[in-house]
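Every chain is numbered from 1 and lettered A, B, ... according to where its sequence line falls, protein lines coming before strand lines.
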Amino acid sequence: MLDVKFICENPDAVKKNAAGKNERRAEVDKVVALNEQKKKLQLSVEEARTKINVISKDIAGLKKADPKSDVSAKQAESRAIGDGIKKSEEDMKALEKELDTLCMWIPNMVHASVPVKSNRTEKTWGEKAKFDFKPKPHWEIGKELGILDEERAAKLSGSNFLLLMGAGAALERALINFMLDLHIRMHGYKEVWPPFLVNRDSMIGTGQVPKMEDDMYKCEKDELFLIPTAEVPVTNLHRDEILSHDQLPVCYTSYTACFRREAGAYSKDTRGMQRIHQFDKVEMVKFTHPDKSWEELETLTVNAEEVLEKLGLHYRRLLLSTGDMSFSSAKTYDLEAWAPGLDKWLEVSSCSNFTDFQARRLKTRFRDADGKVKHVHTLNGSGLALPRTVIAILENYQQADGSVVIPEALRSYLGGVSVLKK
RNA sequence: GGAGGGGUGGCUGAGCGGUUGAAAGCGCCAGUCUUGAAAACUGGUGGGUCCGCAAGGGCCUCGCGAGUUCGAAUCUCGCCCCCUCCA
């Protein structure tokens, strides 16, 4: 969330920013008004508390000098003050809670470099694969190869679940290991294997709750959520912690399954493996010094791009416009891989700088070289989301005979297999 | 699930109703000493928030929440987490 002080000092900028992100629930004026009210109340409550504290110390002094001294008058006075502020204290707590809730619906400020109108293609790598036959969509390729079983997936769990068999399952596993190894060995990330179920505090910390709560799988009985991305547990690693400036940046990479209800998602664009309730993803998360987060966003994005390049997949990098960005992000690049069978671009990675927006909720701070405690900046990016990467591989590397060539970089992870055949 | 033990500052660990935001040690920072370093010695060293131009001051904070009290790290109740033993 944003700093209340910042909101109150820049209400117009915050409003304009929220409007740009289509956040109609951001009630900026109300925040400013409530904050004023709260400060007044706080002052009066604190003054009363001071009086009570002074009287208590008086009594302590008197009792020490003479245990039998009569302090009933002072006790009565203090009690009266206490009774008097009881209501104000309750009001203040209610105000604070309301203020906090309101602030949770105000989105992060976007960076000046973010376009307002439409997404901007920043770069394109590779070229569209050429076929002397009509390229098939991945669900046909997968079915014919016997590695993708949509009917049984539906039997087990319902629509939009994935069931991979044989080489399909192996391909999934190979990709996970390939991506993790790349980020760990070449890009300097530390591997994390976190819980896939987290509590409400963690979901609030990274901002999925309250805004996206309906899109999350929840175990009511235990008040636990299935993670929608590794971002949640990994970014929460340092919740309520003060790091040291010399350990920044902290870079983690993490494989997890991800669970999303995709409530209200249209059947359009959901065919096959495009949008499923449970999918694998390798995520990168960074905690950085505020002065360094913008350059760290660039390297994070390049780290994700390298996965696509090593796999030889044609992709483009999009700089998202204000309207397409997430609630918590200050700047986001999307990486889209080309899927010839579907004849469209598929989002395989989203790399964002959240500046101090998450860190403030998480209370993840660091002690700077000047001794001051400040909020870190948090970043994350997919490196990559698996199912759509698999789509891209199947559709780009398909052959006329229905087989699929395995990208060179992946072969050692598949026991040397170079072609998937029936 | 049952029975115990425990959650205190960066760490170890005292405190168990009163000037305790919290002893002591370690660590860290600064200074003295030294050619330099180490050792020794001296001093400093949590976070949040509010008022204030500042200096400074107030309030909150000893797992979380409620309560008792003039006053709670200390007492009571509920919850969470960790450890040990039993099933």
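- One atom, NZ of A:Lys74, and another, C1' of B:U69, lie 17 Å apart when rounded to the nearest Å.
- For the atom pair CG of A:Leu224 and CE of A:Met216, the computed distance is 14.5 Å after rounding to the nearest 0.5 Å.
- For the pair A:Tyr252 and A:Leu237, the minimum side-chain heavy-atom distance is below 4.5 Å.
- Distances shorter than 4.0 Å separate some side-chain N or O of A:Arg49 from OP1 or OP2 on B:C60.
- Of the possible donor and acceptor atoms, one in the side chain of A:Asp149 sits under 3.5 Å from a partner among the backbone N and O of A:Arg152.
- Taking the side chain of A:Leu43 as heavy atoms from C-beta on, and the options B:C70, B:C51, B:C60, the nearest nucleotide is B:C51.
- Nearest-nucleotide assignment on RNA chain B puts the 5′-proximal partner with A:Gln42, out of A:Val71 and A:Gln42.
- Here the OG atom belonging to A:Ser349 is positioned 10.0 Å from the CZ atom belonging to A:Arg317, to the nearest 0.5 angstrom.
- In this structure, A:Val348 and A:Ser382 approach most closely via the heavy-atom pair O-CB, 3.9 Å.
- Listed nucleotides: B:C60, B:G18, B:G46. Nearest to the side chain of A:Arg367: B:G46.
- The interatomic distance linking A:Ile59 (CD1) with B:A72 (C1') rounds to 15 Å, in whole Å.
- Sorted by residue number, the members of residues 77-89 of chain A with any non-hydrogen atom under 4.0 Å from RNA chain B read A:Ser78, A:Arg79.
- Between atom CE of residue A:Met212 and atom CZ of residue A:Phe225 there is a gap of 13.0 Å, rounded to the nearest 0.5 Å.
- Remark: the backbone N or O of A:Trp193 is not paired with any side-chain donor or acceptor of A:Ser254 at under 3.5 angstrom.
- Nearer the 5' end of RNA chain B, as judged by each residue's closest nucleotide, is the contact made by A:Lys57, out of A:Lys57 and A:Glu90.
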Check against side-chain hydrogen bond (donor to acceptor under 3.5 Å, both in side chains), A:Gln358 and A:Thr378: CA-CA 7 Å; A:Gln358 291 181 323; A:Thr378 59; 2.7 Å; yes
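- B:U61 and B:A73: their C1' atoms are spaced 11 Å apart (whole Å).
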With both pairing distances under 3.5 angstrom for Watson-Crick or G-U wobble, and | for a partner in another strand, the correct string for RNA chain B is ((((((((.[[[..)..(.....]]]((((((.......))))))((((((....)))))).[[[[[..)....]]]]]))))))).
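- A:Lys93 comes within contact range of the sugar-phosphate backbone alone, with a heavy-atom separation under 4.0 Å but no base atom that close.
- Distance A:Arg239 CZ to B:G47 C1': 17 Å, rounded to the nearest Å.
- As a whole-Å value, the separation of A:Lys363 NZ from B:G47 P is 15 Å.
- Using a 4.0 Å heavy-atom distance criterion, A:Asp58 is classed as making no nucleic acid contact.
- Taking the P atom of each, B:G13 and B:U68 are spaced 35 Å apart, rounded to whole Å.
- Regarding A:Glu96, its CD atom lies at a distance of 17 Å from the P atom of B:C59, rounded to whole Å.
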Just do the side-chain hydrogen bond (donor to acceptor under 3.5 Å, both in side chains) check on A:Asn380 and A:Thr235 with the steps written out, would you? CA-CA 9 Å; A:Asn380 69 55; A:Thr235 310; 4.7 Å; no
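- Taking only side-chain atoms of A:Val373, from C-beta outward, the nucleotide of B:C59, B:G48, B:C70 with the closest atom is B:G48.
- For the pair A:Asp368 and A:His289, the minimum side-chain heavy-atom distance is below 4.5 Å.
- Taking atom CE of residue A:Met92 and atom C1' of nucleotide B:G58, one finds them 13 Å apart after rounding to whole Å.
- Here the side chain of A:Lys39 is nearest to one of B:C51, B:U19, B:C59, namely B:C51.
- No close placement of the A:His245 and A:Phe366 rings is indicated, their centers lying 6.0 Å or farther apart.
- When the P atom of B:U61 is taken as reference, atom CD1 of A:Ile242 falls 18 Å away, rounded to whole Å.
- Of the P atoms belonging to B:C28 and B:C80, the separation is 40 Å, rounded to the nearest Å.
- Distance check on atom C1': B:U49 versus B:G44 gives 24 Å, rounded to whole Å.
- Rounded to a whole angstrom, the distance from the P atom of B:C62 to that of B:G9 is 10 Å.
- Nearest nucleotide to the A:Asn53 side chain, out of B:C60, B:G71, B:G58: B:C60.
- The separation of B:C60 from B:A72, taken at their P atoms, amounts to 9 Å, rounded to a whole angstrom.
- Atom-to-atom, CG of A:Asp240 to P of B:C64 comes out at 10 Å; the value is rounded to the nearest Å.
- Rounded to the nearest Å, the gap between the C1' atom of B:C86 and that of B:U76 is 29 Å.
- In the set B:C51, B:G18, B:G71, the nucleotide with an atom closest to the side chain of A:Ile52 is B:G71.
- Distance noted for atom P between B:G71 and B:C59: 14 Å (whole Å).
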